[in-house]
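Only one structure is covered here, and it is reproduced in the block below.
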Amino acid sequence: MKKLILSVGILSLSVAAYAQKSEVAEAKKSWDLFQAMNQAQNLKKNLENLNKGLGHTDLAIAHEKTKNTVEPWALRASLASAVALLDTLNEANATAKQKIAEEAIVKATELDKKGEQKDNIANAKINIANSIQSRAIRAYNKKDFATAFKIFTEITEKNPADTSMYLNAGVAAKQAGNYAGAVKNFKKVASFNVPEAKNLLLEAVNIELVNLKDTTAAMASIDQALTKFPDDPDFVGTQTDIYIVRGEIEKSQASLNKLIAKDPSKAIYHFLLGETYYKQALAVQAERQKIDSKKVKEYNAVTAKMTALIDKALPYYKKAQELDPKAVHTLEALKQVYGFKNDTKNYEETKKLLDAIQKNNN
């Protein structure tokens, strides 16, 4: 009798172990069916099949006999990551399945001592990456830029070397009005020395100036940019504009004179030096417009000051034109100066040059 009871006990244990192995087999069957049929089946059918298989892994990883074997965890990662990728209608479900897949990947990696499931684990990781990226793109296309930024940021945290995702995060942040986030991500992309690095740094500086209205931050960014792009005219030009706005003309002129001494053939540096005087003249002109017309003496004094600044700008503009005769910005500046000075001859000659350039460009 005792022997019989013992036999029944052994049989019960064998049946239980077989049942749990069967759960793994059923999960694998669901996965194999999905791989074979996913292109032919609709989304609802695919999700039903994947969730069914996932249910079998729930039982397999809960049982003593199979919870520490790699196959059910690898299957769980595959099934859950596929749901995360496919379910574009239910974001909450896709996100929940992503989490299940990530946990399964960690466990499967830990158990896969022989590397038997390395391909399945790798594919599950790819599914997760693609599911997150698709979610971010859907949010962006719906103009939910804040959510898109959050998700793109999540991707960069998972894959810090993916420059395109930093760029996407920056674009989404700017669209969401998160200007600090945009600057941070554009600078991050530039740090990888991508071909677009210069333009991204210029964009970051522009955001700091226009959107954040932070000239201090913009100047710091320009200083950083100039270490990567020494003496670059675009950054130097922006730096000059900031100096002028701040009223730090002497700093700007000192910087430009150093650049001219280093390379006197650069037309843009001469042009920018002319700008430091001409823009001061424009500021004085704005002051003059506020003066009562009856205050002739004061009006004439301000006019003289403005004229003196324009006269200082003119030689630098002329030098810039000599070095780069077809530079439209220089010709436009010269035309304005000649117009102010009532120098009809030079005004008409400059206008002809501009008209010819415009005609050739059309």
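A quick note: this is a predicted structure, and the numbers were derived from the prediction, not measured.
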Study note, to complete from the structure: Sequence neighbours excluded, the answer for side chain to side chain donor-acceptor pair (under 3.5 Å) partners of K228 is N193

Practice item. Examine distances only and state if a side-chain atom of K198 and a backbone atom of P195 form a donor-acceptor pair shorter than 3.5 Å. Key: no

Review point. Do I155 and L85 sit in the same hydrophobic cluster, where Ile, Leu, Val, Met, Phe, Trp and Tyr count as joined when their side-chain heavy atoms come under 4.5 Å apart?
Key: no

Practice item. Answer yes or no: is there an ion pair linking E349 with K345, defined by an N-O contact shorter than 4.0 Å? Key: yes

Review point. So, K97 and D87, do they make that salt bridge, N to O below 4.0 Å?
Key: no

Point to revise | Close side-chain approach of K305 and R288, heavy atoms under 4.5 Å | key: no

Check your understanding: Can we call the ring centroids of F271 and Y316 under 6.0 Å apart?
Key -> no

**Study point:** Polar side chain donor-acceptor pair, N120 to Q117, under 3.5 angstrom
**Key:** yes

Exercise for review: Decide whether E208 and S221 meet the rule of one side-chain donor and one side-chain acceptor closer than 3.5 Å.
Suggested key: yes

Check your understanding: Counting only N and O atoms by type, is there a donor-acceptor contact under 3.5 Å from the side chain of K213 to the main-chain atoms of V210?
Key -> yes

**Study point:** Within-4.5 Å side-chain heavy-atom neighbours: Y278 and L309
**Key:** no

Study note, to complete from the structure: Minimal heavy-atom distance between L273 and I260, with the atoms involved, is CD2-CD1, 3.7 Å

Check your understanding: Taking 4.0 angstrom as the limit, do K118 and D112 come out as a salt bridge?
Key -> no

Practice item. List the atom of S78, the atom of A124, and the distance in Å for their closest heavy-atom pair. Key: N-CB, 4.3 Å

